[in-house]
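Data block below; observations after.
Throughout, residue positions are numbered sequentially from 1 according to the sequence presented.
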Amino acid sequence: MGPTAIALALAAVSSSWTGANFGTLNVTDVFLAIAAVFSMLGWLSGRRTMMVQSWMLAPLLGVVIITAVDVIVRSEPVSGGATMLPRLLFSTTLLAILIWSESNRLQGHVWYALRWWAAGVAINASAAALIDGGFLVVDGWIDQPAGDWRASGLAFHPNSLALALTIALPIMVMLLTRSATWAGRVGWIAAIAVTVNALFLADSRAGLIVAFPGLALSILIALRRGRARVFVAPFVIVAGVLAYLYVLPALAGTRLTAESGALSDVGRVQYNATALQIFAEQPLVGGGFDAEIGVAVPLQVLTIGGIVFALCYYTFLLVPGVAIWRNRRDSAAPYGIVYILALLGFGLLNPGLAERVSFWPLLVLAGGFGARRVAASLPAAVGELAEAPGESPRLASRRRRTAF
């Protein structure tokens, strides 16, 4: 792995650690910036190509347009757009350019980033358990709100941790099915276990509602492949019994049924009603960055920039999402689709339009499919060097050794 790939892997593993900062900079942003510098140096020296496509720039275009409306039409300061620009730059545009550029090199480095990403979420989940048990103290070096009894792990807020846990479970199941060693399988089973445990510790209702159906669907996808499909019916029966005996009683002690959840609903209804009112008054360009409100990603987007910003923001999700759908016959794509559904479902229940952890699987899977299409147009021996989506390092290495 070269320096760009190493920096990208470090950014991946720390992407869910939203409470970890170097000074005023998020640790993931620092690693992404380092990866961007190495990638740019490689491009300037002629040793690397930079993949920049128009859809990657769409979120930044939306920020520029709404900032211009704020300054010119509304006579508001540029500070709102100046704050949102780096958030979207690091969580969307820069990340997409780096991942797709690495994929285009046809050397499989970007698939390691997906494994590092999932491992980083597992580390975050483990930290949440250790902190909750009193075995780890992060005060002073992790920025988190004071007074919240729910677990945040290495994230800045319990809901940020819950988002990472929710969208990571389908990818962990995929990596489990692709692992070529018993040690790897045991490792991913352990990662899934600590992730599920951390969901209860974070006690995010969005996470609890979305994560478990996504996990069950991912397991069903895994069982339906090959000889394991005979276990689908027994799995459904056993899972139903276990859910009745253990999951439902465990959920009874969470905010899904507690009074605190009901109190939270009152505030959510008020925020969302205000968000809809702002959008109704200015549907085309929204109310600007200072008007951002709403306890859901779509409402955040619509209040900030109306239809214009929504088109720019969701174009970034749509293009790679369509690429995954078109390759749905690939063994990795169904897990990617479940991940996308989990991401969108969580976003309907919680805000977080520029979370650093959100789009890694989307871009890695879609970028891998694109790189594989390029490889297919090259001589056969060269094309076989590209690692298939979700393929284990051992299988890829074995195939490369026989490529020539």
Please confirm whether the backbone N or O of G288 pairs with a side-chain atom of E76, one donor and one acceptor, at under 3.5 Å? no
To the nearest 0.5 Å, tell me how far I99 CD1 sits from L363 CG. 4.5 Å
Check step by step if side-chain contact (heavy atoms from CB on, under 4.5 Å) holds for L215 and I219. CA-CA 6 Å; L215 175 60; I219 296 175; 4.1 Å; yes
With a sphere of 6.0 Å drawn around CZ of F38, does it hold more than 12 non-hydrogen atoms of other residues, nucleotides or ligands? no
Which heavy atom of S15 sits nearest a heavy atom of A12, and at what distance? OG-O, 2.9 Å
Any side-chain heavy-atom pair from I66 and F289 closer than 4.5 angstrom? yes
Between W360 and A113, the two heavy atoms sitting closest are CZ3-CB, 4.2 Å
Could you tell me whether the side chain of S45 and the main chain of G42 form a donor-acceptor pair under 3.5 Å? yes
Do V63 and F309 come close enough that some side-chain heavy atom pair is under 4.5 Å? yes
From CE (M40) to OG (S101), nearest 0.5 Å: 9.0 Å
Looking at L163 and L343, what are the two nearest heavy atoms and their distance? CD1-CD1, 4.2 Å
Does a salt bridge link R48 with E102, judged by any charged N lying under 4.0 Å from a carboxylate O? yes
Within a reach of under 6.0 Å around CZ of R326, are more than 12 heavy atoms found that belong to other residues, nucleotides or ligands? no
If I take atom NE2 from residue H157 and atom OG from residue S204, how far apart are they, to the nearest 0.5 angstrom? 9.0 Å
Show your reasoning for whether side-chain contact (heavy atoms from CB on, under 4.5 Å) applies to M174 and L114. CA-CA 11 Å; M174 182 194 77; L114 187 57; 3.8 Å; yes
Non-hydrogen atoms of A333 and F369 that approach each other most closely: CB-CZ, 4.1 Å
Donor-acceptor pair, N327 side chain versus A323 backbone, under 3.5 Å? yes
Does any N or O in the side chain of N350 come within less than 3.5 Å of the main-chain N or O of N159, such that one atom is a donor and the other an acceptor? no
Can a donor-acceptor pair be found, under 3.5 Å and without considering hydrogens, that links the side chain of T93 to the backbone of L89? no
Smallest separation among heavy atoms of L60 and L85, with atom names: CD2-CD1, 3.6 Å
L362, I340, V364 screened by side-chain contact (heavy atoms from CB on, under 4.5 Å) with P320, the one that passes: L362
What distance do M56 atom CE and T92 atom OG1 have between them, rounded to the nearest 0.5 Å? 11.0 Å
Pair T177, W188 - check side-chain contact (heavy atoms from CB on, under 4.5 Å), show working. CA-CA 9 Å; T177 63; W188 288 118; over 6 Å; no
Does R150 form a side-chain contact (heavy atoms from CB on, under 4.5 Å) with L201? I'd like the steps, not just the answer. CA-CA 6 Å; R150 297 182 294 160; L201 297 178; over 6 Å; no
Ignoring hydrogens, what is the shortest heavy-atom contact between L349 and A206? Give both atom names and the distance. CB-CB, 3.6 Å
Looking at OG of S39 and CG of L32, how far apart are the two atoms once the value is rounded to the nearest 0.5 Å? 11.5 Å
Once the angle between the rings of W55 and F316 is folded into 0 to 90°, is it parallel (under 30°), tilted (30 to 60°) or perpendicular (over 60°)? tilted
Pairs involving residues 16-28, ordered by first then second residue, that meet side-chain hydrogen bond (donor to acceptor under 3.5 Å, both in side chains) (sequence neighbours left out): S14-T28, S16-N124, T18-S160, N21-D143, N26-T28
As a test of understanding, state which of V64, L88, L317, T315 forms a side-chain contact (heavy atoms from CB on, under 4.5 Å) with P59. L88
Rounded to the nearest 0.5 Å, what's the gap from CG on L95 to CG on L8? Could you check? 7.0 Å
Quick one: does any side-chain atom of Y271 pair with a main-chain N or O of A296 as donor and acceptor, under 3.5 Å? no
Would you please classify the geometry between the Y339 ring and the W117 ring as parallel, tilted or perpendicular, with 30° and 60° separating the classes? perpendicular
Is a side-chain donor or acceptor of R87 paired with a backbone partner of M84 at a separation under 3.5 angstrom? no
